[in-house]
Amino acid sequence: MGSRRHGPGGRAARMRLGVKSVRERLLRVPGTTREAIEVQLALRDLVKTDLVVDTPGTVAGVDVAYIAGERISVATVVVLRFSDLALVESVSAWLRTPFPYVPGLLGFREAPPVLEAWERLRLDPDMVFVDGHGRAHPRRFGVACHIGMLLRKPTVGIGKSRLCGCCQEPGPNRGERADLVDEGAVVGTVLRTRDHVKPLFVSVGYGISLERCVEWTLKTTRGVRLPEPLRLADQASRKARLDRVQRLPL
DNA sequence: GCGACAG
DNA sequence: ATCTTGTCGC
């Protein structure tokens, strides 16, 4: 129990900010892009990779849809049983969109509505899949890190297209991969989840290793390119969006 | 100055 | 992300 092994993500960093302050910074709507970037730089080194993780019992998928020219955000969280990927819970919440879309600052836009939905959950998922990059981000703090740190859950970031970094073309078959390298660092894995289909960009969101992220991504993907938690979240998200339009038309 | 740029 | 019809293919 020495005071030795406290890296950048440990006690020292938390004492500089305070865990409460971290939550506030993650949820406060920045007034400028400059301010948003400063928050990311202050929190990037608090992204843990060593949370205690057993094989998850349940896994969540989160996604956000937009209405009326993006003025309203509809967030959805689905929960699946890890063993058979059966859907066991689905909740949604809508919010006035808090922040514009700016590449690299997606977390400030999607975290508020996602938290709103998350708090309506009856279950407490063991891990989370987020639709967007984690550390495969110019400042190593993509939306998956933002949401993972907020929820304090092992989180995987899944991007459908590249935000930063370079990579070789992975082999053509499911399971084949290539490192995603940005400024000399491996920030993610370009992973083929289906034969001859465009690969996904997998990266650490929060709490776990990149290897574990890849493992869980493959274990939750069947038949289609996207992992089941995200496929179902995407599907439920569109339904929730339609429900919202019909109830409170614009 | 020009191109790149998650969802 | 969203706006949008049909269409080519397994």
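All values derive from a computational prediction rather than experimental measurement. Every chain is numbered from 1, with letters handed out A, B, ... down the list of sequences.
Going from atom CG of A:L230 over to atom P of C:dA1 covers 11 Å, rounded to whole Å. Atom-to-atom, NE2 of A:H196 to P of C:dC10 comes out at 13 Å; the value is rounded to the nearest Å. The distance from atom CG of A:D131 to atom P of C:dT2 is 10 Å, rounded to the nearest whole Å. In this structure, the CG atom of A:L106 is 15 Å from the C1' atom of C:dT2, given to the nearest Å. Protein atom CG of A:D63 is 9 Å distant from nucleotide atom C1' of C:dA1, rounded to whole Å.
Across all strands, A:Y101 comes closer than 4.0 Å to base atoms (heavy-atom distances). Nucleic acid contact class of A:I72 (heavy atoms, under 4.0 Å, all strands): none. Among the atoms of the strands shown, none is found under 4.0 Å from any heavy atom of A:A136. Residue contacts for A:G69: at a heavy-atom cut-off of 4.0 Å it reaches no nucleic acid atom on any strand shown. Within 4.0 Å (heavy atoms only), A:R162 reaches sugar-phosphate atoms of the nucleic acid but no base atom.
A salt bridge links A:R81 with A:D84: at least one charged nitrogen is closer than 4.0 Å to a carboxylate oxygen. Using a cut-off of 4.0 Å between Lys/Arg side-chain N and Asp/Glu carboxylate O, A:K160 and A:D131 are scored as salt-bridged. Between A:K153 and A:D124 there is a salt bridge, since at least one side-chain N of the basic residue sits less than 4.0 Å from a carboxylate O of the acidic one.
Using a 3.5 Å distance cut-off with no hydrogens or angles, the side chains of A:T97 and A:S73 do pair a donor with an acceptor. In this structure, a donor-acceptor pair under 3.5 Å is absent between the side chains of A:Y66 and A:R71. Side-chain contact check for A:T221 and A:T193: no donor-acceptor pair (N or O, by modelled atom type) lies under 3.5 Å.
For an aromatic pair to be called close, the ring centres must be under 6.0 Å apart, and A:H146 with A:F108 satisfies this.
If you walk DNA chain B from 5' to 3' and mark each nucleotide with an atom closer than 4.0 Å to a heavy atom of chain A, the marks span B:dA4 to B:dG7.
In this structure, A:R241 reaches the C:dT2 phosphate: one of its side-chain N or O atoms is under 4.0 Å from OP1 or OP2.
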